[in-house]
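Worksheet: the structure to be examined is printed underneath.
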Amino acid sequence: MRLALFLPSPPLLRRGRHPLCARQATTASAAPDPALVIVESPAKAATIQKILPESRYRVRSCVGHVRELPGSAKRIPAKYKREPWAKLGVDVADDFRPLYVLIAGKQTIISHLKADLKNSAELILATDEDREGEAISWHLTELLKPTVPVRRAVFHEITPDAIEFAFRNCRDIDLNLVHAQETRRVLDRLAGYTMSPLLWKKIAKGLSAGRVQSVAMSAIVRRELARLAFVPARYAGCTARFEGPDRPVVATLSTVDAVRMVRGSDFDDHTGALTARATAKNIPVFDRPALESLVAALELADARVAAVDKKRTTRSPPRPLITSTLQQECGNKLGFGAGRTMRVAQKLYENGHITYMRTDNPNLSDQAVAACRTCVEALYGKKAVWDGKGPPRVPKPKAAQAAHEAIRPAGSTFTLPEDLPPGLERDEIAVYSLIFKRTLASQMVGAKLDQTTIKIQVQAKGDAPCRKVEFKATGSVVVDPGFLRAYQSEDVVQTPGAFLPSVVEGDKLVGSNVAVLEHETKPPARYNDASLVKDLEELGVGRPSTYASIIEKLIARGYVFRGRMLGENKSVPPRALLPSLTAFAVEKLLSKHFSSFVDAEFTAKMEEALDEIAGGSAERTHYLRQYYCGEDGLAASVERTEKEIDASVFRQILLPNMPPEMLASAAKAGKKVDKAKTAKARASSSSSSGSDGESETDWSNTKVLVSSYGPYVEQNGVVVASLPKLTLADDLTADRLETVLQLAQDPELGTDPKSGMPVLLKTSRYGPYVQLGRENDYAGGTKPKRSSLFPGMDVGTLTIDLALKLLSLPRLLGTHPKSGNEVRAAMGPYGPYVVHDGTYVSLKKDVHNVLEISFDEAMELISASEYRKEVRREKQALKKAEVQAKKKEKGTSSPKVKRSAKGGASAKRKTTAKQKSVA
DNA sequence: CAGTGAGCGAGCTTCCGCTTGACTT
């Protein structure tokens, strides 16, 4: 079996001055078995194979990890099923020995690699140079059981030189590094699989906790708590317009009698009062009328320029992108979620447009720096290139393992965004352009700006409450845009502040048009994908490959909602991340009894311990034992807590915006209730809630709790109403709860004139819905007709007319003139749609109304969609035929072996199978 | 991918990190 004999010369060999190829040329006649090189990513394998002649190096990929701890009961091998530790997948008693199983679906990959190894002269493991990569190499040797020499090679750049260097400097697998990875893996398993069952018992089934996800969940919950505790402060400010010699300027009132005006940061977030520091400085707080009377007493027509200050500032160029910053930039500039960013980047990577997109190393390779400087020079001139010594290298982040370089355009010359080959999607071009510009910017000179501040003094009239005030106007002029030319939009380069009037100290100005404005301090913003990833990265929690999936996991577990999921509710931005009530309950339990789960410090300390294990100065069993075993270990703590804590206490939701009597009675639970006080509190709350007083709820006997089936309201221990899963913290005010309770008591909206049956408004865990008639209005077995309210519809303002329209869904619009089949409009899980014969067309918000859409409009949408479908089908058929024709051509004209990993491997497998059968 | 609106109960759920796939709007 000497396949190599028939291989055509790879292009590099023909060009070949490179040593890798030279050696190949001299030994070609001997044609020894090639080496099997295994990397993690198929795309990377294909790129490397283009450099290495297949006759000497067969480059294959293992597609990530290959073995895992069994995730669920059905993944445990029968042999171990009855072991007490089988579900954990770690035998704690036997030095935390992990039970590894093949990852589901990786069987074919492994068998292909085994077949390739059979006629390979050696095995070169070239997985990433980090903990996980080292572990993958070790698992591969365990699975493949090679009998040929095994070498470990690492390269950080895919160039002939870098690969040759790596192959000349091979080493053995670093077992200490593998131990560090295994420790990380086992710890995460012990943490997650010990804590989650406690949550099932105490809060709700199916919940989860983990070293990473619980930190992320807690951050989102704590941000919401900070918002609920936030007390806004109000203060007034003012602007005036001054006529300069060449142009006017709008300036802001900055000082009153030399004391500066108050700012938002002078107020305490929790009390809304001035901070002690601001109070000490005697900073005045004006309300609107006070400030209005003050400015009325100013001699605005007689203003004077008190100072003109110019300051030169330099803005440094940004760092090249890494996974976290790419996700932030695409989030902030393009509005993408972390998942969408990564899907687009993956495509760009697979098609060879960018380097690897999962990295924590902000440094560029030498090849990249050279390419980048050439490109900057060509586009912006030599002066724009970074003028320091060498490239602006940046220290890698604390937790970084730096197996890859920064994310940048691929290759030794950068492709301009406008020179990308046709056929890329709009998202891909947008993300590529962003990466291209940011990479260029990172190698350019800083931007120089002149910031000018004009101070304008105005005297007060004799009877005024002050003597004199100062107004201030600031503007920036870009002196040298530097990197801004590559990485900022035009409007930033041309700052409007450039247009300050040309005045000097002492000039007289005439002011007018005073505007007094009211300001209100804003609570901290909710997280979105970008800001959460930013914080997680700074905390060193999670890895580039997991940032996007952490958010998805929190959503899948019901801990977090996206603002978008709430529908038309305008008060919440669509990209905001909001905690569910369950998240509040879990956060309370974890932070009270297992603070290491919500504390990012834990991961930081773990990383230190892992570094020691990797360095050989610490031992893995010892570390795991002190984490899990003993009196203070996790196992005993969880067991103890399970016995000690009362589930109903932790399932109850208590937030600062809820009725005060509810909070008070919870605080007193277990103690004697002071009846007089409770009564007083009740009286005060009903007057403050502004309700008519007829339907007073005894909040001291009312509780909001969460369960496996969603949140609900309980009174005197009896369930009186269920709340939608999408209930937010904001929904738990007295007024909102009152509406829910009233609805549960009296759900009748009106009567359906057609059937005479009552129309009921009810709530389930899926949210509010309307129902036609009661169960006993229908003959045995038939369920009442039901329809969900649309997301964001307000229960309080729902009318009988709208309810009837909702009940008309799914609505029959007519029959298709060609097929004779029905055309219907309805609301589905993904929004409103029209459908005919399995062709679904989503309706656009604000354009179509599913309750009103006509047959003609629906037909237009459906016909267009069916036409597009047809065109696509034809295109695909054409493509398929083309590919098949090419294959045929190749097969007959030359004995070329396909270079892709899949094709090569399957060809190989066939031959080995034949050999086996002969033997 | 195109609505759900409980209540038998046994068995299951769950972690983090590495990689892509096969489908569309």
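In what follows, every chain begins at residue 1, and chains take the letters A, B, ... in the order their sequences are listed.
G192(A) comes within 4.0 angstrom of a base, heavy atoms only. Contact annotation for A73(A): backbone-only contact, meaning every heavy-atom pair under 4.0 Å involves sugar-phosphate atoms and none involves a base. T194(A) comes within contact range of no nucleotide atom at all, as no heavy-atom separation falls under 4.0 Å.
The CG atom of L348(A) sits 5.0 Å away from atom CD1 of I354(A), with the distance rounded to the nearest 0.5 Å.
Taking only distance into account, the side chain of S722(A) never meets the base of dG5(B) through a donor-acceptor pair shorter than 3.5 Å. Counting distance only, with no hydrogens placed and no angle test, the side-chain atoms of R211(A) and the base atoms of dC15(B) include no donor-acceptor pair under 3.5 Å. Taking 3.5 Å as the limit, the base of dA6(B) and the side chain of S764(A) contain no donor-acceptor pair of atoms between them. The base of dC16(B) has none of its N or O atoms less than 3.5 Å from a complementary donor or acceptor on the side chain of R543(A). In this model, no side-chain donor or acceptor of Q181(A) finds a partner on the base of dC16(B) within 3.5 Å.
Between E134(A) and R152(A) there is a salt bridge, since a side-chain N of the basic residue sits under 4.0 Å from a carboxylate O of the acidic one. No salt bridge links D599(A) with R211(A); every basic N to acidic carboxylate O contact stays at or beyond 4.0 Å. Between E642(A) and K201(A) there is a salt bridge, with a side-chain nitrogen of the basic residue lying less than 4.0 Å from a carboxylate oxygen of the acidic one.
Rounded to the nearest Å, the gap between the C1' atom of dG9(B) and that of dT13(B) is 16 Å.
Comparing P768(A) and D128(A) against DNA chain B, the residue whose closest nucleotide sits nearer the 5' end is P768(A).
Remark: K87(A) is not in phosphate contact with dT14(B), judged by side-chain N or O atoms under 4.0 Å from OP1 or OP2.
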